[in-house]
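Only one structure is covered here, and it is reproduced in the block below.
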Amino acid sequence: MNLMSVSTDPVHADAQHTDAQLRTLFHQLNNQLGIVLAHAELLEAKTTEATSRARAEQVVRSVLDAMGTAKEIRRHSEPHATV
């Protein structure tokens, strides 16, 4: 079986298209969250003011939580996922 072949079944093809779109969206979301995380970690490391550091730490925790949530959503949305 050729794994690179495209299904001629419209329903199967639509599912493949949707899966690819979801993977792309998750990739984009993780990239965006990674940028926020990098900036928050940089601010956290460089700031000398306690309130700013605490806020940066909160952003870091929240972004890591959001990344974990995105990973769980992706896991549950995969066709072979068992919930």
According to side-chain contact (heavy atoms from CB on, under 4.5 Å), who are the partners of I35, at least two apart in sequence or on a separate chain? H39

Minimal heavy-atom distance between V60 and E44, with the atoms involved, is CG2-OE1, 3.7 Å

Could you pull out all residues at least two apart from S62 that satisfy side-chain contact (heavy atoms from CB on, under 4.5 Å)? Q58

For residues M67 and L37, report the shortest heavy-atom separation together with the two atoms involved. SD-CD2, 4.2 Å

With sequence neighbours excluded, what pairs up with T48 under the side-chain contact (heavy atoms from CB on, under 4.5 Å) test? none

Counting only heavy atoms not in R55 (residues, nucleotides, ligands), do more than 12 fall under 6.0 Å from its CZ? no

NZ of K71 to CD1 of I73: how many Å apart, nearest 0.5 Å? 13.5 Å

Please list, one pair per line, the donor and acceptor atoms closer than 3.5 Å that link side chains of residues 24-33 to other protein atoms, with sequence neighbours excluded.
residue: T24; atom: OG1; partner: A20; partner atom: O; Å: 3.0
residue: H27; atom: NE2; partner: N31; partner atom: ND2; Å: 3.3
residue: N30; atom: ND2; partner: F26; partner atom: O; Å: 3.3

side-chain hydrogen bond (donor to acceptor under 3.5 Å, both in side chains) involving S52 - partner list, sequence neighbours excluded: E49

Only counting residues at least two apart or in another chain, list the ones meeting side-chain contact (heavy atoms from CB on, under 4.5 Å) with L42. K46

Might you point out which heavy atoms bring A40 and A56 nearest each other, and give the distance in Å? O-CB, 3.7 Å

